Amino acid sequence: MIKFLDLHKLNARFETEFQEKFKSFLDSGHYILGKEVLKFEEDFASYCGTKYCVGTSNGLDALILIFEALKQLGKLKEGDEVLVPANTYIASILSVLHAGLNPIFIEPDLHIYNISPNHILDKITSKTKAILVVHLYGQLADMNQIGPIAEANGLLVIEDAAQAHGAQNKFGVKAGNFGIASGFSFYPSKNLGALGDAGAVTTNDLELKEVIRKLRNYGNKEKYINQYAGFNNRLDEFQAGILNIKLATLDADNIRRRQIAKRYLKEINNEKLVLPQYDGSENHVFHVFVVMVDHRKNFIEYLKNSNIESLIHYPISPSEQEAFLQFQELELPLTKSIHERVVSLPISPVLEENEIDYVIKTINHY
């Protein structure tokens, strides 16, 4: 069976380093917000090209902390509208709702699945105060158009870069450095994955960074002195240590993902599938390789019978979820079409060449 993502194989490359890191962590006697977190925050900020990074408990909490901090600073207030991609993962929407803000669903660009600049323009009102940009599947959204739109309309740009670690435009600007702040997830399956839940915020705004740093730790400005009604959203010291090890190989893993994607794009030849649009640049890190196909259930069953695992990112759009009954009357035909047809193929950096050969051959015979 060709696994969609073999996490054991992916992490076995670091086993000796992980064991050494755990012993060091255990021996340190310092298990919360220690030197490993500080090192990761410094190194990941440097990697993303931002001034600051604040480690958090997970990607959802990173986004929630951004919105809460922006409220504390008076840049947003409850009830403000935030434009969001309609076809994102539910966490993006949850972060807006949990902050008491109003998500406005925007249809995607069907070519790259990301939020459409043209549809953004159609939805801006006097209540619109921010755009939550999701670099979905690992590909940068069209920031060349979204940035000027936001600036012209006085809108904050917040990035959900949970799937786009290392993606960069032709000028070398990386995901996490396009807006006022960005939320990252280091869930184990991400391009940069921990061994449990972990996340981070990147920003160039010192004031925002300080508020987020306080909010993640009960709102403390110093121990037992609480400036804000905060949260417990700290990055775990051990997970930070794991990320410190794996950050060094992120670029190499992303290169390998792009190599596999280029083979798929060049060698998969089946008119039943719509392949993703990709210009060959570093603007895509292929967190997942998503195709669209009619009769998806049959296709997935065919892959399964051929011993190839696949996943669906995502089978149900946020506005159609049971949790969001208030949005189920929205008309989002492009989003609905995507969610009914997308399938993600294996694209792990530890895939063997013969496995890639087999995936391509099998799909071409579908």
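Just so we're clear, the structure is a prediction, and the values are computed from it rather than from any experiment. Below, all heavy atoms of this structure are taken into account, side chains as well, without hydrogens, waters or symmetry copies.
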Hydrogens and angles aside, do [X] and [Y] bring a side-chain donor and acceptor to less than 3.5 Å of each other?
X      : Y      : result
Asn58  : Asp61  : yes
Asn204 : Asn177 : yes
His287 : Asn191 : yes
Glu237 : His30  : no
Tyr52  : Asp205 : no
Gln328 : Ser319 : no
Ser281 : Asp279 : yes
Asn232 : Asn217 : no
Ser116 : Asn118 : no

Quick check against the 3.5 Å criterion: does [X] have a side-chain atom that pairs as donor or acceptor with the backbone of [Y]?
X      : Y      : result
Gln145 : Pro117 : no
Thr203 : Ile180 : yes
Glu309 : Phe4   : yes
Gln163 : Leu136 : no
Ser28  : Phe25  : yes
Asn114 : Gln139 : yes
Tyr358 : Ser306 : yes
Thr88  : Pro85  : no
Glu159 : Phe178 : yes
Arg234 : Ile32  : no

* Name the orientation class of the two ring planes belonging to Phe238 and Phe22 (parallel below 30°, tilted from 30 to 60°, perpendicular beyond 60°). =>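 Correct class here is perpendicular.
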* To do: Just say parallel, tilted or perpendicular for the rings of Phe40 and Phe186, cut-offs at 30° and 60°.
  =>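 It falls in the perpendicular class, over 60°.
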* Asked: Does the side chain to side chain contact (heavy atoms under 4.5 Å, CB included) test come out yes or no for Leu132 and Ser92, once each step is laid out?
  -> CA-CA 8 Å; Leu132 177 59; Ser92 309; 4.0 Å; yes
Verify same cluster id: [X], [Y] (apolar side-chain graph, 4.5 Å):
X      : Y      : answer
Leu265 : Ile356 : yes
Ile312 : Val359 : yes
Phe105 : Tyr89  : yes
Leu73  : Ile66  : yes

* **Lys214 to Tyr228, cation-pi by 6.0 Å centre distance and 45° axis angle** => no
* To do: Take Glu282 and Arg257, measure what salt bridge (Lys or Arg N to Asp or Glu O under 4.0 Å) needs, and give me the verdict at the end.
  => CA-CA 11 Å; Glu282 296 182 13; Arg257 287 175 180 272; over 6 Å; no
* To do: Mind running salt bridge (Lys or Arg N to Asp or Glu O under 4.0 Å) on Glu352 and Lys9 for me, showing each step along the way?
  => CA-CA 11 Å; Glu352 305 289 344; Lys9 186 176 181 180; 3.0 Å; yes
* Verify side chain to side chain contact (heavy atoms under 4.5 Å, CB included) between Ile64 and Leu60, making sure each step is shown before the conclusion. => CA-CA 6 Å; Ile64 291 173; Leu60 172 58; 3.8 Å; yes
From [atom1] ([X]) to [atom2] ([Y]), nearest 0.5 Å:
X      : Y      : atom1 : atom2 : result
Asp160 : Ser95  : CG    : OG    : 7.0 Å
Asn233 : Thr56  : CG    : OG1   : 7.0 Å
Ile242 : Leu195 : CD1   : CG    : 4.5 Å

* **Reference residue Asn244; test side-chain hydrogen bond (donor to acceptor under 3.5 Å, both in side chains); the match among Lys35, Glu42, Glu36** =>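 Considering Lys35, Glu42, Glu36, a side-chain hydrogen bond (donor to acceptor under 3.5 Å, both in side chains) with Asn244 is found only for Glu36.
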* Asked: Would Lys71 and Glu78 satisfy salt bridge (Lys or Arg N to Asp or Glu O under 4.0 Å), going step by step from the backbone distance to the final call?
  -> CA-CA 8 Å; Lys71 285 166 58 184; Glu78 289 200 11; 3.5 Å; yes
Please identify each residue that fulfils salt bridge (Lys or Arg N to Asp or Glu O under 4.0 Å) with [X], with sequence neighbours left out.
X      : result
Asp294 : Arg341
Glu353 : Arg256, Arg263
Glu20  : none

* Asked: Around atom CD of Glu207, are there more than 12 heavy atoms of other residues, nucleotides or ligands at under 6.0 Å?
  -> no
* Structure fact -> Given the options Arg13, Lys190, Arg258, Asp253 meets salt bridge (Lys or Arg N to Asp or Glu O under 4.0 Å) only with Arg13
* Asked: Under 4.5 Å between any side-chain heavy atoms of Ser57 and Asp197, yes or no?
  -> no
* Asked: Heavy-atom distance under 4.5 Å between the side chains of Phe327 and Pro103, does that happen here?
  ->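 Yes; the side chains approach each other to less than 4.5 Å.
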* Asked: Name the one of Ile308, Val290, Val288, Leu303 that satisfies side-chain contact (heavy atoms from CB on, under 4.5 Å) with Leu345?
  -> Leu303
Considering residues at least two apart in sequence or located in another chain, which fulfil the side chain to side chain contact (heavy atoms under 4.5 Å, CB included) criterion with [X]?
X      : answer
Tyr366 : Asn270, Lys272, Leu273, Val293, Asn298, Phe299, Tyr302
Glu320 : Ile316, Ser317, Lys336
Lys361 : His365

* Asked: Looking at Phe231 versus Tyr218, is the centre-to-centre ring distance below 6.0 Å?
  ->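 No - the distance between ring centres of Phe231 and Tyr218 does not fall below the 6.0 Å cut-off.
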* To do: Test side chain to side chain contact (heavy atoms under 4.5 Å, CB included) on Thr50 and Phe44 and set out the steps.
  => CA-CA 9 Å; Thr50 60; Phe44 194 65; over 6 Å; no
* **Sole residue of Phe289, Tyr137, Tyr278 in ring-ring contact (aromatic ring centres under 6.0 Å, His included) with Tyr113** =>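 The residue from Phe289, Tyr137, Tyr278 that satisfies ring-ring contact (aromatic ring centres under 6.0 Å, His included) with Tyr113 turns out to be Tyr137.
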* Passes side chain to side chain contact (heavy atoms under 4.5 Å, CB included), Ile115 versus Ile120? Steps please. -> CA-CA 8 Å; Ile115 190 169; Ile120 285 174; 3.9 Å; yes
* Test salt bridge (Lys or Arg N to Asp or Glu O under 4.0 Å) applied to Lys39 and Asp43, step by step -> CA-CA 6 Å; Lys39 175 174 171 50; Asp43 289 353; 2.7 Å; yes
